[in-house]
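Here is the structure we will look at.
Below, all heavy atoms of this structure are taken into account, side chains as well, without hydrogens, waters or symmetry copies. In what follows, chains carry the letters A, B, and so on, assigned in the order in which the sequence lines appear, proteins first and then strands, with residues in each chain numbered from 1.
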Amino acid sequence: MLEIKGLQKFYGFTKALKDVSFTVGPGEIVGLFGENGAGKTTLLKSILGLLVHGGEVTLDGERVTRKNIDRLSFATCEHSFFPSITVMAHRSFYMEHFPKWRDKRFWALMDFFKLKEYQIPGYLSTGQKNQLEVILALCQGADYILMDEPFSGNDLFNREDFYKVLMGILEPQETVILSTHLIEEVENFVSRAILLKKGAIVGDAAVSDLEDAGESLVDFVKRSYGYSPDRVRRVVEELAGDEEEGEK
Amino acid sequence: MKVKKDLSRFFPVGEEWGKEVAWTAIALALSSLWSLGALIRLQNGWRTIRMFPENKVMMPGFQTIIGSALYGFWLTAAGLIVLAVWNYISQRRGSRADYTLRRLPGRLERHIRALAFPAAGLAVTVLLAAGLRWLYFWLYVTKTPADRLTDVVFIAVSREG
């Protein structure tokens with residue numbers, strides 16, 4: 001159980017996270033949604049201890065320390081691999097430091113993404129870099145896999161295939177927290193949606209509950225965000241009105 | 001091959017560590033060569049003393065003899081400190097590999113990879129500089145006639161004796 005209690009983060013005088021609290025159980029696939037600057041990346045990095053923060057993050061009741069940090073893995077669009085060593089050298093490095101490394105899964109995903117072991121990440125395309133980043137996060141052997149916009153730069157077919165593969169390979173105890181803008185794409189993939197707005201949680205719902213209520217994930221996000229559907233019409237009308245006055 | 005792989009644990013991941021070792025060795029070799037300037041100044045002093053035995057020419061002070069002889073070592077040391085900083089910066093170049101290094105179960109892994117070689121290099125540099133300084137001082141006090149040494153050094157050495 002990953003428990004986040006009263007997480008706070010300041011950047012100077014700006015409060016990036018405001019008392020964020022939630023719990024994620026084993027096997028959940030959580031979509032973390034929110035506009036740019038909502039605090040998604042800050043939240044994930046705080047959970048991993050990459051940022052100094054207030055509040056508490058615990059794994060099965062224990063604070064996240066060096067003893068249990070290997071239960072968390074991270075795939076980020078900033079990329080956290082080593083750009084100048086081969087994919088194979090990454091495998092060796094991870095195997096050395098993460099005893100629960102999933103080698104069989106590694107080769108299966110390498111094959112799926114058509115990556116070669118001698119390739120050097122620094123010379124890969126952005127899409128391939130994302131793929132390697134995700135492979136490493138999935139194969140580390142972690143129970144909680146945190147992904148921050150892992151597919152930005154990948155084409156649609158690649159992303160869709162990947163979601164399918166991911167659904168197929170994840171074991172029941174493996175948990176994914178996926179931060180993304182691509183709400184519609186992950187609608188059938190996530191089991192729960194957490195919405196962040198200006199550093200605070202404004203929505204948290206199980207997708208199955210939404211389905212029961214006859215609401216789509218996109219509609220839930222719009223409703224939680226206070227999105228007004230006539231916003232575009234109003235702006236267009238305002239602009240049109242200004243132009244007409246100008247012509248007079 | 002195994003030793004080579006084991007040594008790579010003390011350098012940033014993916015770094016061509018052989019180059020770091022080679023450049024440091026070259027810097028230390030050049031620094032040692034540059035320090036020979038002290039030896040030249042010593043010989044000049046001794047030659048002057050021999051040339052004017054009656055005039056009671058005094059040997060220049062040890063600090064004058066040393067002069068800039070050890071500057072190369074200080075430069076090397078400064079370079080190694082810069083290298084340590086660079087090693088940390090390199091963890092963020094091209095990717096945020098520092099995120100991975102900071103997530104490792106081994107707390108010190110990241111710092112060992114950034115600091116081990118610069119620290120070892122720094123220790124060798126300081127030891128070599130101290131060793132050469134001691135050698136030049138030993139030559140200065142033992143090979144210079146006692147009555148031509150400046151008082152401070154002579155008294156100090158006499159007391160030690």
Under the side-chain contact (heavy atoms from CB on, under 4.5 Å) criterion, do B/Thr100 and A/Phe74 qualify, and how do the steps go?
CA-CA 8 Å; B/Thr100 298; A/Phe74 188 39; over 6 Å; no

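- Distance CZ/A/Phe82 to CG/B/Leu101: 4.0 Å, rounded to 0.5 Å.
- Going from atom OG of B/Ser95 over to atom CD of A/Glu133 covers 8.0 Å, rounded to the nearest 0.5 Å.
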Taking it one step at a time, do B/Val13 and A/Phe81 satisfy side-chain contact (heavy atoms from CB on, under 4.5 Å)?
CA-CA 10 Å; B/Val13 180; A/Phe81 49 65; over 6 Å; no

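- Closest non-hydrogen pair, A/Leu51 versus B/Arg102, comes out as N-NH2, 4.5 Å.
- Heavy-atom pairs under 4.5 Å with chain B peak, among A/Gln140, A/His97, A/Lys129, at A/His97.
- Around atom OH of A/Tyr11, more than 12 heavy atoms belonging to other residues, nucleotides or ligands sit under 6.0 Å away.
- A/Ile120 does not touch chain B: none of its heavy atoms, backbone or side chain, sits under 4.5 Å away.
- Heavy atoms of A/Lys45 lying under 4.5 Å from chain B belong exclusively to its side chain.
- Comparing A/Thr86, A/Asn68, A/Leu50, A/Asp70 by heavy-atom pairs within less than 4.5 Å of chain B, the highest count is held by A/Leu50.
- For the atom pair A/Ser84 OG and B/Arg93 CZ, the distance stands at 9.5 Å (nearest 0.5 Å).
- Separating the CZ atom in B/Arg107 from the OG1 atom in A/Thr65 is a distance of 8.5 Å, to the nearest 0.5 Å.
- Nearest heavy atoms, A/Glu96 versus B/Arg9: OE2-NH1, 2.5 Å.
- Judged purely by atom type and a 3.5 angstrom limit, B/Arg103 uses its side chain to pair as donor or acceptor with the backbone of A/Leu72.
- The 12-atom threshold is exceeded at CH2 of A/Trp107, counting heavy atoms of other residues, nucleotides or ligands nearer than 6.0 Å.
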